Amino acid sequence: MTDAFRNRIDLTFTVNGEQVEATVPAGRHLIDVLRLDLGLTGSHAGCEHGVCGACTVLVDGAPVRGCLTLAAQVQAAEVWTVEGLTDTGAVADLQAAFVARNALQCGYCTPGMLVAAKALVERETVPSRAEIREHMSGNYCRCTGYEAIVDAIETAARARAGEATE
Amino acid sequence: MKASVGGYARARDLAHAFDLLAAANGMGRVIAGGQSLVAALNLGLTAGDLLVDITGITDLRGVRVEGDHLLIGALTRHVDIGSDPLVAEHAPLLARAVPLIAHDAIRNRGTIGGSLAHADPAAEFPACILALGATLIVEGPAGRREVPAADFFVDVFETALDEGDILTGIAVPCIAADERHGIEEATRRAGDYAIVGLAGVRRAAGHRIVAFGAGPRPMLCGAAMAALDAGDLDAACAAIGGELDPPSDTQGSAAYRRHLAGVLLGRLAAQLGDPS
Ligand SMILES: Cc1cc2nc3c(=O)[nH]c(=O)nc-3n(C[C@H](O)[C@H](O)[C@H](O)COP(=O)(O)OP(=O)(O)OC[C@H]3O[C@@H](n4cnc5c(N)ncnc54)[C@H](O)[C@@H]3O)c2cc1C
Ligand code: FES
Ligand code: FES
């Protein structure tokens, strides 16, 4: 071990708009800093190897895997989780559509689903159902069978584009 | 499982990164997007590494044209390869590969350099780089060298990178007016690594067809290429299976992969504008 390498890393970044200062072990994942150190338990840790999507959060505006991102790598970044996105109302329409369409049961996958879906409904064009499925293919749900999730995202995307839904 | 890491340091520039790797005494490990490395750490496949984070070396990120080549920085993320207008114009094969790689959230952090250095035999970029006949730019304590794609991929997860080397960029020959690119793969679920896949380039000089997920590294399919050059698609589709060395695993048997390669070659030829 040389001086240049550190076991514990000093970090300054923002979470849900608020500045956070923390000292974290070098191998600590962003998802664990959020859940265990900051008490933001909305995002979940499922598989911890990038497959299930339960840990998906926004880093500098883009969805990323909280379990494949070392906290050390988010120095100076802007992180948003489902808690902050709920408070600002940024995903309020998606949340309402998920409830209306029964797109969640146990809810374990839902925070990651909302973060992933947010990126999709913010695009300029309304996605087709096939595009929604493709975009959401990195988020697993063990309860709903996906159909209702696609329905909910389609509803929210169309509403944002000012289109009526049946 | 949680990652076990020996230490972490952020490299300010390439020289600093080489110093850090040298100081790590064999335990140094470059981290770029972390999308393969952190997964490996989480699985306990590697432990105690001294991580050298190169993502702050901004010179290694981005795309530019130099002469008749497209220069792609190693830290350029998958998402940016997919949306960059220069890539779309000069190396459309790479842009078309992006939607086939993993998922949005992984493409937002994963880098092309990381994908090539990781050298998963089923990954898309290594196959594309070989099909394009690109050159990899490697820098190390001993200086800079250029490695042709054909010499870079050695075995499963093994490349021509030596201890302390950093892949800094990739030089891709710009597409010619009459050149065509295509990529086809079979997966069970969107975003999975390919069960088997083919990347293809058709140039005036002939075809370059590379199979992935079909051997220990991306493989040039010489017999299929010769048959396509001769205008005989049926012969090419019949030949390609025999040229591969595919694994048998839970995704499929070797025989199934050989069969799939022939089916995919028919589809690829249509993308390349070959007569059927
Ligand atoms: C669930 C999941 C699905 C995936 N599916 C696919 C897929 O279908 N197709 C596919 O191609 N990939 C897939 N990937 C892998 C993804 O593309 C990775 O982003 C990529 O392979 C590694 O890039 P990275 O920048 O994240 O590298 P890292 O994880 O940071 O590094 C990977 C390795 O390369 C080394 N390295 C990185 N950069 C350099 C450099 N510049 N010089 C020298 N060494 C370097 C590191 O030391 C490490 O050994 C998947 C990943 C996950 C988690
Ligand atoms: S916990 Fe991160 S993808 Fe499953
Ligand atoms: S609602 Fe239970 S996992 Fe999706």
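What's counted below: heavy atoms across the whole structure, side chains too, no hydrogens, waters or symmetry copies. Note that the coordinates shown come from a computational prediction; the quantities given were computed from them, not determined experimentally. Chain identifiers are assigned alphabetically (A, B, ...) following the order of the sequence lines, protein sequences preceding nucleic acid strands; residue numbering begins at 1 within each chain.
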Review point. Any donor-acceptor pair under 3.5 Å linking the side chain of B/Gln35 with the backbone of A/Leu68?
Key: yes
**Study point:** Pick from A/Val59, A/Ile9, A/Thr56 with the largest number of heavy-atom pairs that fall under 4.5 Å of chain B
**Key:** A/Ile9
Review point. Who wins among B/Asn25, B/Val5, B/Val38 for the most heavy-atom pairs under 4.5 Å with chain A?
Key: B/Val38
Which donor-acceptor pairs under 3.5 Å do side chains of residues 189-199 of chain B form with protein atoms, sequence neighbours excluded?
{"residue": "B/Arg189", "atom": "NE", "partner": "B/Asp192", "partner atom": "OD1", "Å": "3.4"}
{"residue": "B/Arg189", "atom": "NE", "partner": "B/Asp192", "partner atom": "OD2", "Å": "3.0"}
{"residue": "B/Arg189", "atom": "NH1", "partner": "A/Tyr140", "partner atom": "OH", "Å": "3.2"}
{"residue": "B/Arg189", "atom": "NH2", "partner": "B/Asp192", "partner atom": "OD1", "Å": "3.4"}
{"residue": "B/Arg189", "atom": "NH2", "partner": "B/Asp192", "partner atom": "OD2", "Å": "3.3"}

**Study point:** Proximity breakdown for A/Ala72 and chain B, heavy-atom pairs closer than 4.5 Å
**Key:** both
Check your understanding: Of the backbone (N, CA, C, O) and the side chain (C-beta and beyond), which part of A/Val51 lies under 4.5 Å from a heavy atom of chain B, both, or neither?
Key -> neither
**Study point:** Residue-level contacts of residues 118-128 of chain B with chain A, using a heavy-atom cutoff under 4.5 Å
**Key:** none
Point to revise | Straight-line distance of A/Gln75 CD to B/Asp53 CG, nearest 0.5 Å | key: 11.0 Å
Check your understanding: What are the two closest non-hydrogen atoms of B/Gly6 and A/Asn7, and how far apart are they?
Key -> O-OD1, 2.8 Å
Check your understanding: Does atom CZ of A/Arg160 have more than 12 heavy-atom neighbours from other groups under 6.0 Å away?
Key -> yes
**Study point:** Residue part contacting chain A, namely of B/Arg107, when any heavy atom lies under 4.5 Å
**Key:** neither
Check your understanding: What residue in B/Asp19, B/Leu37, B/Thr55, B/Leu51 has the most heavy-atom pairs under 4.5 Å with chain A?
Key -> B/Leu51
Exercise for review: Grab the two heavy atoms, one from B/Gly7 and one from A/Phe5, that are nearest each other, plus how far apart they are.
Suggested key: C-CD2, 4.2 Å
Revision key, fill the gap. In terms of heavy-atom contacts, B/Ile106 and A/Gly50 come closest through CD1-O, 3.6 Å
Review point. What residue, out of A/Arg28, A/Arg65, A/Gln73, has the most heavy-atom pairs lying under 4.5 Å from chain B?
Key: A/Gln73
**Study point:** Which atoms of A/Asp60 approach chain B - backbone, side chain, both or neither, heavy atom under 4.5 Å
**Key:** neither
Check your understanding: Shortest non-hydrogen contact from B/Asn108 to A/Pro63?
Key -> ND2-O, 2.8 Å
Check your understanding: NE2 of A/His49 to CG of B/Asn42: how many Å apart, nearest 0.5 Å?
Key -> 9.0 Å
Review point. Can you name the nearest heavy-atom pair linking B/His103 to A/Ser137, along with the distance?
Key: ND1-OG, 3.1 Å
Review point. Just wondering, more than 12 heavy atoms not from B/Arg12 lying within 6.0 Å of its CZ?
Key: no
Study note, to complete from the structure: Closest non-hydrogen atoms of A/Ala119 and B/Asp104, given as atom of the first, atom of the second and distance, are CB-OD2, 4.4 Å
